[in-house]
Enquirer: 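Next up is a structure, given as structure tokens.
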Amino acid sequence: MQLHLIRHPQPQLDKRTCYGRSDIAVAPDALAQSVAQLLPQVRALPRDWPWVSSPLQRCARLAQALATAVGQPAPRLDSRLQEMDFGQWELRLWDDIPWAEVEAWNADLAGYPPGGGETLTAVAQRMWAAFNDLLATSADGAVVVCHAGTVRMLHACVAWRAEQGTAARPDADAFRDIALHAAAHRGEIAHARLLALDACATSTSTR
């Protein structure tokens with residue numbers, strides 16, 4: 001299965017802000033520019049592929065606009081595709097978050113809940129469930145509009161499955177490994193770009 005992943009447009013907030021689960025708007029001109037930029041690639045995708053989106057408006061509005069433009073049904077909204085919940089860190093400037101808290105997270109990336117929110121291992125668990133449902137669809141591909149964190153987590157799910165085999169199911173230790181794999185791959189993921197991911201890869205080439 002081919003997953004075509006799209007990160008939402010740049011939201012309207014200071015780039016120095018910590019944000020995850022917060023439902024932040026996208027400026028109308030940024031949304032229109034993203035749609036125009038993505039349409040040529042999206043039109044080339046098979047018409048029978050399902051569309052799935054995080055329900056947060058920065059994703060859902062882009063997914064709906066693109067699906068409408070190519071004559072597709074409304075995207076299915078999946079709450080498991082939401083960005084990580086940073087708890088009390090949400091919408092605070094990174095410079096204003098106590099350094100001791102940031103260091104505590106750095107010391108236990110998989111198990112520490114930043115701001116009292118969600119652990120990376122918990123994100124890995126819900127993302128595996130969403131990934132498994134995508135694999136179960138009858139089409140040979142899907143379009144997924146989500147977030148940088150969930151794009152990384154989907155890559156990590158594919159990598160774990162490629163290493164362990166298609167019949168393997170992750171346990172608690174495996175979810176931790178998936179979380180740490182995602183955390184280790186911190187390369188920039190551009191806004192409003194189409195990224196192809198072979199969800200049925202059979203080697204560690206997904207790394």
Side-chain angles (χ1 to χ4, degrees), residues 1-11 26 28 30-83 123-170 178 181-182 185 187-207:
M1 165 177 265
Q2 291 290 322
L3 297 180
H4 279 62
L5 312 177
I6 302 172
R7 185 186 181 191
H8 59 79
Q10 175 67 48
V26 172
L31 178 63
Q33 181 179 357
S34 296
V35 171
Q37 180 175 285
L38 286 161
L39 262 182
Q41 294 167 284
V42 169
R43 284 197 174 107
L45 297 177
R47 296 295 298 272
D48 65 334
W49 285 12
W51 284 63
V52 189
S53 174
S54 160
L56 298 182
Q57 61 177 308
R58 58 188 184 270
C59 295
R61 290 183 62 200
L62 175 63
Q64 182 63 67
L66 287 170
T68 298
V70 297
Q72 290 280 58
R76 176 172 63 84
L77 302 182
D78 188 338
S79 63
R80 297 170 300 185
L81 297 174
Q82 294 181 93
E83 187 59 282
V123 178
Q125 290 174 318
R126 63 174 165 85
M127 285 302 302
W128 178 267
F131 171 62
N132 222 29
D133 285 353
L134 287 167
L135 292 179
T137 61
S138 58
D140 60 4
V143 181
V144 182
V145 184
C146 56
H147 309 267
T150 45
V151 167
R152 293 187 184 98
M153 204 62 79
L154 284 168
H155 276 270
C157 288
V158 169
W160 187 89
R161 186 174 183 269
E163 290 177 350
Q164 302 299 322
T166 58
R169 294 295 178 266
I178 291 169
H181 182 284
H185 293 73
E188 180 65 22
I189 296 174
H191 294 278
R193 296 289 191 278
L194 196 66
L195 306 172
L197 174 62
D198 180 1
C200 295
T202 56
S203 73
T204 55
S205 61
T206 53
R207 288 181 182 271

Enquirer: Atom CD in Q57, atom CD in Q64: separation rounded to 0.5 Å?
Expert: 13.5 Å
Enquirer: For the residue pair H181 and E163, establish whether any side-chain heavy-atom pair is separated by less than 4.5 Å.
Expert: no
Enquirer: Can you measure from CZ (R161) to OG1 (T166) and round to the nearest 0.5 angstrom?
Expert: 5.5 Å
Enquirer: How long is the straight-line distance from CG of L5 back to CZ of R152, given to the nearest 0.5 Å?
Expert: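 Output value for this atom pair is 12.5 Å.
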Enquirer: Measure the SG-CD distance between C146 and Q82 for me, rounded to the nearest 0.5 Å.
Expert: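 Output value for this atom pair is 11.5 Å.
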Enquirer: Working to the nearest 0.5 angstrom, can you tell me the gap between L154 CG and W128 CH2?
Expert: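 Result: 10.5 Å between the selected atoms.
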Enquirer: Would you say the side chain of V143 lies within less than 4.5 Å of the side chain of V42, judging by non-hydrogen atoms?
Expert: no
Enquirer: Identify the two heavy atoms, one from A67 and one from P73, that lie closest to each other, and give their separation to 0.1 Å.
Expert: CB-O, 3.7 Å
Enquirer: What is the minimum heavy-atom distance between Q72 and P46, and which atoms define it?
Expert: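 Q72 and P46 have their closest heavy atoms at NE2-O, 4.3 Å.
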Enquirer: Quick one: does I178's side chain get under 4.5 Å of F131's, heavy atoms only?
Expert: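 No, too far: nothing below the 4.5 Å cut-off.
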Enquirer: I need the full list of side-chain hydrogen bond (donor to acceptor under 3.5 Å, both in side chains) pairs touching residues 39-49, with sequence neighbours left out, sorted by first then second residue.
Expert: W49-D140
Enquirer: Side-chain contact test, heavy atoms from C-beta onward, threshold under 4.5 Å: evaluate it for V26 versus L62 and give yes or no.
Expert: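 Sidechains of L62 and V26: no contact.
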Enquirer: Is L194 close to L38 at the side-chain level, that is, under 4.5 Å between some pair of heavy atoms?
Expert: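 Heavy-atom side-chain distance check passes, below 4.5 Å.
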Enquirer: For H8, enumerate each residue passing the ring-ring contact (aromatic ring centres under 6.0 Å, His included) test, keeping only those at least two apart in sequence or located in another chain.
Expert: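 Once residues adjacent in sequence are excluded, the partners of H8 under the ring-ring contact (aromatic ring centres under 6.0 Å, His included) criterion are H147, H191.
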Enquirer: Would L197 and H4 count as a side chain to side chain contact (heavy atoms under 4.5 Å, CB included) here? Give the steps.
Expert: CA-CA 6 Å; L197 174 62; H4 279 62; over 6 Å; no
Enquirer: Closest heavy-atom contact between A192 and Q37?
Expert: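 Here A192 and Q37 meet closest at O-NE2, 2.7 Å.
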Enquirer: Rounded to the nearest 0.5 Å, how far does CZ of R76 lie from OG1 of T137?
Expert: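 Spacing of OG1 (T137) from CZ (R76) equals 8.5 Å.
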Enquirer: Using a 3.5 Å distance criterion without hydrogens, assess whether the side chain of R61 forms a donor-acceptor pair with backbone atoms of L31.
Expert: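 No, the answer is negative, given that no donor and acceptor are paired below the 3.5 Å cut-off.
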Enquirer: Does Q33 have more than 12 heavy atoms from other residues, nucleotides or ligands lying within 6.0 Å of its CD?
Expert: no
Enquirer: Quick one: closest heavy-atom pair of A148 and I189, and the distance?
Expert: O-CD1, 3.6 Å
Enquirer: Looking only at heavy atoms, which two atoms of D78 and A130 are closest? And how far apart?
Expert: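 Heavy atoms only, the tightest pair is OD2-CB, 4.0 Å.
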Enquirer: Taking C-beta and beyond as the side chain, do L81 and S53 meet within less than 4.5 Å on heavy atoms?
Expert: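 Sidechains of S53 and L81: no contact.
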Enquirer: Does any N or O in the side chain of T68 come within less than 3.5 Å of the main-chain N or O of A65, such that one atom is a donor and the other an acceptor?
Expert: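 Checking the backbone N and O of A65 against the side chain of T68, no donor-acceptor pair under 3.5 Å is found.
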Enquirer: Does any N or O in the side chain of R126 come within less than 3.5 Å of the main-chain N or O of R80, such that one atom is a donor and the other an acceptor?
Expert: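 Such a contact is found between R126 side chain and R80 backbone.
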Enquirer: Looking only at atom types and distance, does a side-chain atom of E83 sit under 3.5 Å from a main-chain N or O of G149, one as donor and one as acceptor?
Expert: yes
Enquirer: Which atoms form the tightest heavy-atom contact between L135 and C200, and what is the distance?
Expert: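 Here L135 and C200 meet closest at CD2-SG, 4.3 Å.
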